[in-house]
Amino acid sequence: MDAPANTQNSTDAAVEGLIKITEFEQEHLSQVCEIENSSFSQPFSADYFKQLAQLYPETFLVAEREDRVLGYVVADTRRGVAHILSIAVGEGWRRRGVGLALMRTLIERLRLREIKEILLEVRRGNAAARSMYERLGFELVGNIKGYYGGEDAALYNLKLC
């Protein structure tokens, strides 16, 4: 399936209207792995995603359009804190609001579960992702030297209460 033509100027609402956010199902696994493999130099394995789905079924979400997975997000939740373990969007859908829609849905679910804060790490050099997190209200709270091999991570936090 092709991504919409020149959606750089599309609004979030228009993109969100094209996609459906659902909980991860086994049938999504191969497409989630494809996105993971094309997004990260050290991707998570299919077995790890299966474990995450068992541990965090309510916070492992996928964005779909016509049965095609466009992106996913998964968060660990413990003691009132959520930690974003991974988020990725397929190459043809990046910077089109898919990640934003996934995060907004996840944040709402976490609020309903009375999670107090969300933590995440992101490559210091990933300006697009950092901008999205800041747009959602996340605050930069630290730096983790060499977290991604030779690259530092920016540590973000969002208070939900």
Side-chain angles (χ1 to χ4, degrees), residues 11-13 15-25 28-29 31-33 35-65 69-90 93-149 151-161:
T11 64
D12 295 336
V15 171
E16 289 182 29
L18 293 174
I19 63 175
K20 175 176 70 170
I21 308 288
T22 63
E23 290 179 3
F24 174 89
E25 302 275 338
H28 298 131
L29 183 61
Q31 293 179 69
V32 165
C33 288
I35 293 169
E36 176 78 3
N37 291 333
S38 69
S39 300
F40 302 106
S41 59
Q42 296 180 326
F44 290 154
S45 69
D47 286 339
Y48 187 60
F49 279 120
K50 289 178 190 175
Q51 290 174 358
L52 293 176
Q54 290 176 355
L55 292 169
Y56 312 110
E58 295 175 359
T59 58
F60 191 164
L61 306 176
V62 296
E64 293 182 281
R65 180 173 182 216
V69 175
L70 309 179
Y72 71 89
V73 64
V74 60
D76 171 351
T77 54
R78 296 180 203 188
R79 295 181 290 278
V81 177
H83 180 220
I84 306 297
L85 299 174
S86 189
I87 180 172
V89 174
W93 288 89
R94 293 179 186 152
R95 298 183 188 196
R96 300 187 193 298
V98 175
L100 196 60
L102 282 163
M103 286 297 295
R104 284 180 175 154
T105 303
L106 178 63
I107 290 167
E108 185 55 32
R109 282 183 175 225
L110 294 171
R111 276 194 175 104
L112 293 172
R113 293 184 66 198
E114 299 182 4
I115 296 295
K116 306 279 187 248
E117 71 180 307
I118 306 171
L119 301 170
L120 63 86
E121 302 84 17
V122 61
R123 288 182 187 275
R124 271 264 183 225
N126 190 341
R130 292 182 63 187
S131 175
M132 177 185 73
Y133 298 133
E134 290 167 7
R135 183 175 174 188
L136 289 165
F138 282 83
E139 293 184 17
L140 178 62
V141 294
N143 183 63
I144 305 172
K145 197 106 175 119
Y147 185 81
Y148 293 105
E151 190 174 350
D152 293 355
L155 179 62
Y156 280 88
N157 176 297
L158 176 65
K159 299 283 187 188
L160 296 180
C161 54

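These numbers were taken from a predicted model, which means no experiment stands behind them.
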Is there a donor-acceptor pair under 3.5 Å between the side chain of S38 and the backbone N or O of I35?
yes

Taking the side chain as C-beta and beyond, is there a heavy-atom pair between M103 and F138 under 4.5 Å?
yes

Just wondering, do H28 and E64 contact through their side chains at under 4.5 Å, heavy atoms?
yes

Could you tell me if R113 and T59 have a donor-acceptor pair between their side chains, going purely by distance under 3.5 Å?
no

Note: A154 and L140 closest approach over all heavy atoms is CB-CD1, 3.6 Å

Would you indicate whether the side-chain heavy atoms of Y72 and I87 approach each other to under 4.5 Å?
no

Provide the closest heavy-atom pair for R78 versus D76 in the form atom of the first, atom of the second, distance.
NE-OD1, 3.1 Å

List the steps, then state whether side-chain contact (heavy atoms from CB on, under 4.5 Å) holds for V62 with I21.
CA-CA 6 Å; V62 296; I21 308 288; over 6 Å; no

Distance col, row R104:CZ vs E108:CD, nearest 0.5 angstrom, shows 12.0 Å

List the atom of S41, the atom of R123, and the distance in Å for their closest heavy-atom pair.
OG-NH2, 4.2 Å

4.5 Å side-chain heavy-atom contact, R94 and S39:
yes

Nearest-0.5 Å distance that lies between atom CG in N157 and atom OH in Y133:
13.5 Å

Drop me the distance from L119's CG to E121's CD, to the nearest 0.5 angstrom.
7.5 Å

Within a strict 4.5 Å, meaning less than it, do heavy atoms of the L52 and L85 side chains meet?
yes

When you measure from the side chain of Q31 to the backbone N and O of V69, does any donor-acceptor pair fall under 3.5 Å?
yes

Closest non-hydrogen atoms of G125 and E151, given as atom of the first, atom of the second and distance, are N-OE2, 3.1 Å

Are more than 12 heavy atoms from other residues, nucleotides or ligands located less than 6.0 Å from atom CD of E23?
yes

Step through it carefully: locate the ring centre of Y56, locate the ring centre of F24, and say whether they are under 6.0 Å apart.
no

Rounded distance (nearest 0.5 Å) linking atom CZ of R124 with atom CG of L155:
9.5 Å

Plane angle bin for F49 and F44 - parallel if under 30°, tilted between 30 and 60°, otherwise perpendicular:
perpendicular

Mind checking the CD1-CD1 spacing from I84 to I107? Nearest 0.5 Å is all I need.
7.5 Å

Mind checking whether E58 and T77 have side chains closer than 4.5 Å, heavy atoms only?
no

Residue pair V89 / R96, side-chain heavy-atom distance below 4.5 Å:
no

Has the side chain of D152 got a donor or acceptor atom that lies under 3.5 Å from a matching backbone atom of G146?
yes

Rounded at 0.5 Å granularity, tell me how far CH2 in W93 sits from CD1 in I19.
8.0 Å

Can you name the nearest heavy-atom pair linking L106 to A75, along with the distance?
CD2-CB, 4.0 Å

side-chain contact (heavy atoms from CB on, under 4.5 Å) between V122 and Y147, intermediate numbers included:
CA-CA 9 Å; V122 61; Y147 185 81; over 6 Å; no

Within the structure provided, determine whether I118 and H83 are in side-chain contact (heavy-atom separation under 4.5 Å).
no

Evaluate the criterion side-chain contact (heavy atoms from CB on, under 4.5 Å) for residue pair F40 and S86; output intermediate values, then yes/no.
CA-CA 10 Å; F40 302 106; S86 189; 3.9 Å; yes

Has T105 got a side-chain atom pairing as donor or acceptor with A101's backbone, closer than 3.5 angstrom?
yes

Please give me the minimum heavy-atom distance between L29 and A46, naming the atom from each residue.
CD1-O, 3.9 Å

Residues E117, V81; criterion side-chain contact (heavy atoms from CB on, under 4.5 Å); working and verdict:
CA-CA 5 Å; E117 71 180 307; V81 177; 3.9 Å; yes

